[in-house]
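Every chain is numbered from 1 and lettered A, B, ... according to where its sequence line falls, protein lines coming before strand lines. Because only heavy atoms are used, hydrogens play no part in the values below, and waters and symmetry mates are left out as well, while side chains stay in. Since the structure is predicted, the reported quantities are computational estimates derived from the model, not experimental observations.
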Amino acid sequence: MDYKLEIAKKINGFVDMELDKVIELIEIPPQTNMGDYAFPCFQLAKVMRKSPNMIAIELAEKIIADDIAEKAEAVGGYVNFFVNKKEYIKLMVQEVLEKGERFGSSEDGKGKNVIVEFSSVNVAKPFHVGHLFNTMLGSALEKVYKHSGYNTIRINHLGDWGTQFGKLISAHKRWINEEALEREPISELFRIYVKFHEEAEKDPTLEDEARAYFRKLEEGDPEVTALWQRFKDLSLREFGEIYRMLNVEFDSYAGESFYSDKMDEVVQMLREKKLLKDSNGAKIVDLEQFNIPPIMILKSDGATIYATRDLAAAIYRKRTYDFYKNIYVVGGTQSLHFNQIFSTLGLMGFEWSKDCVHIGHGLVKFADKKLSTRKGDVVFAKDVVNEAIHKTTEVIEHKNPNLENKEEVARKVGMGALLYTFLKNNRDKDVVFTWEDALNFDGDSGPYVQYTYVRGQSILKKAGNIPDTVDLSYLTTEEEFQMVKLLGAFKDSVKEAVERYEPFVVIRHVTEIAKAYNKFYNSHPILNAEDNVKNARLQLTKAVGIVIQTGLGLVGIETPENM
RNA sequence: GCGCCCGUAGCUCAGCUGGAUAGAGUGUCUGACUACGAAUCAGAAGGUCGCAGGUUCGAUUCCUGUCGGGCGCACCA
């Protein structure tokens, strides 16, 4: 039952406004004593040439009370509706129990392909906290879209091409420690990469050697290609550990190397459309009409650049997936780059360039000097992940030493705390990371919500079987009603998260639900209540558990059964 | 110099397309475990929404300017 729709229908006959518009305007009053839904009359005032107050009063008088809304009253330009609480609770709890994990889902995106590019790590380079944030955000966005019925394609646009591989191959021949490479591939590859740069300072011919190796790679030299493939395999093996921790998967790893043979066509197209200009020996596309700097397509030595690859990738994706939307989850520092890419696609005549969207996000910064100074200025994601799980294990040892499968729970809770920390705010904001905040399990945190779920499940286990026929009209307290109202608004939060590309909307809403349940939990007995009340409250507990689990799941946070 | 993002309580942040008394969490102080898990709950204190103009019946929200912070501005990605 969609209450907004039902309320809108009541208003619809009396105002000169489309039903959809009415639904859009309906809001939830800031104070609970004002009512459950409100219709603001300010917009009508202009066309009707009457004061909002008058319109509200007249409108309220016309509304007929029924099982949906039992009262409508006019207050300061708003018509406030009071729903029939018993009926509302009954319908909503039933809906959650029937739909289960599909609660809050929709078919808004039915038949539409949405590409979400995220993570996009560089082969042979460290997976740092910035990638971690990016991966969490991208994965959450994908899940939210999927829940809204879109067919999603998760792409990890690997950085697996370019002259740095020539350098790596050159460095490998000179300084590789094979044993270390097998044990800690990224660290070893990063070590020789850094060493290469140090040595190249003294001996510039190394750079020439690296370029020569990359040329061999481009030409498909078997030995060099095999080495490159090995770097890639080893890197992905190590990245896979983090993806497993996060429960993240991809549908495609088509990265830069994948487009190495698809760029000639792009250059050709640009040339045919006379968009390519010469500038200091390089080939550029002028974007002055958009008020942004030109985009470089070919370097002065004729080589391609990442912009060329991004253009090729966009065109390839349109052909392959015929996307409804092509979402790039990439740090906000690259907003100009994507602005240039999308503008260029537009100039090329691709009307679908408007369906490409760059979802930027802030940087991860460290307030704790301890971590940031440890290994230069790069903070490895696996160190953060391991530390979070380690600290969580300590908390478990302290609070619940007899817990079974501690490792599994520590992973879920530790990762939950991290995910929550990274995703709880507006994605544009920089994440100021402190261990104190990230591992504070009180209040606004992943473990807070998980704990609420665990306590509910614990009660359900103690209760045993609940009768099939439960009379939900025994849920009569204000705490229960407020909680159910939040369950009812869950779908809206998913929708808003999709529209704004902001998973935090869902996180915050789920936290509100957890808070409401905790308030209820602390003010009313469940197992010790009279049988009819007990059974109704158990069903409510079950419903809340479903929504919490679903909501947390949408941002990648898992729910343990105990903690 | 130009462009993008940000500026709301001591700290970290919500506040949806302008609308009803600006909200959370944390930290501080106080109270609740012989009821179902206290990783919980209840309460108190804490804000001239960076500043100045403008539009409007009404601005934290929109516009202009200004100050402060972050990030970009071609042969790296």
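Protein atom CD of A:E479 is 15 Å distant from nucleotide atom C1' of B:U40, rounded to whole Å. Spacing between atom CD of A:Q450 and atom C1' of B:U40 amounts to 15 Å, rounded to whole angstrom units. Regarding A:L168, its CG atom lies at a distance of 16 Å from the P atom of B:C76, rounded to whole Å. Taking atom NZ on A:K519 and atom C1' on B:A38, their separation rounds to 17 Å, with Å as the unit. Between the C1' atom of B:A35 and the CZ atom of A:F520 lies a distance of 13 Å, rounded to the nearest Å. Atoms NE2 (A:H509) and C1' (B:G25) sit 18 Å apart, rounded to a whole Å. Whole-Å rounding puts the A:L336 CG to B:C5 P distance at 13 Å.
The side-chain heavy atoms of A:H157 and A:F118, taken from C-beta on, include no pair separated by under 4.5 Å.
Among A:N291, A:L287, A:I295, the single residue meeting the side-chain contact (heavy atoms from CB on, under 4.5 Å) criterion with A:S343 is A:L287.
If you check distances only, the side chain of A:Y306 does reach the base of B:A77 with a donor-acceptor pair under 3.5 Å. Looking at A:N440, its side chain has no donor and acceptor atom pair within 3.5 Å of the base of B:A39. With hydrogens and angles left out, the side chain of A:S523 and the base of B:A42 share no donor-acceptor pair within 3.5 Å. One donor-acceptor pair, N or O on each side, does fall under 3.5 Å between the base of B:G37 and the side chain of A:S458.
Ring centroids of A:F433 and A:F366 are separated by less than 6.0 Å, placing the two rings close together.
For the pair A:K299 and B:A74, the criterion of a side-chain N or O lying under 4.0 Å from OP1 or OP2 is not met. Taking side-chain N and O atoms only, A:K399 has a distance below 4.0 Å to OP1 or OP2 of B:A39. Between A:R500 and B:A14, a side-chain N or O to OP1/OP2 separation shorter than 4.0 Å is absent.
Across all their heavy atoms, A:V555 and A:L419 have their closest contact at O-CD2, 3.6 Å.
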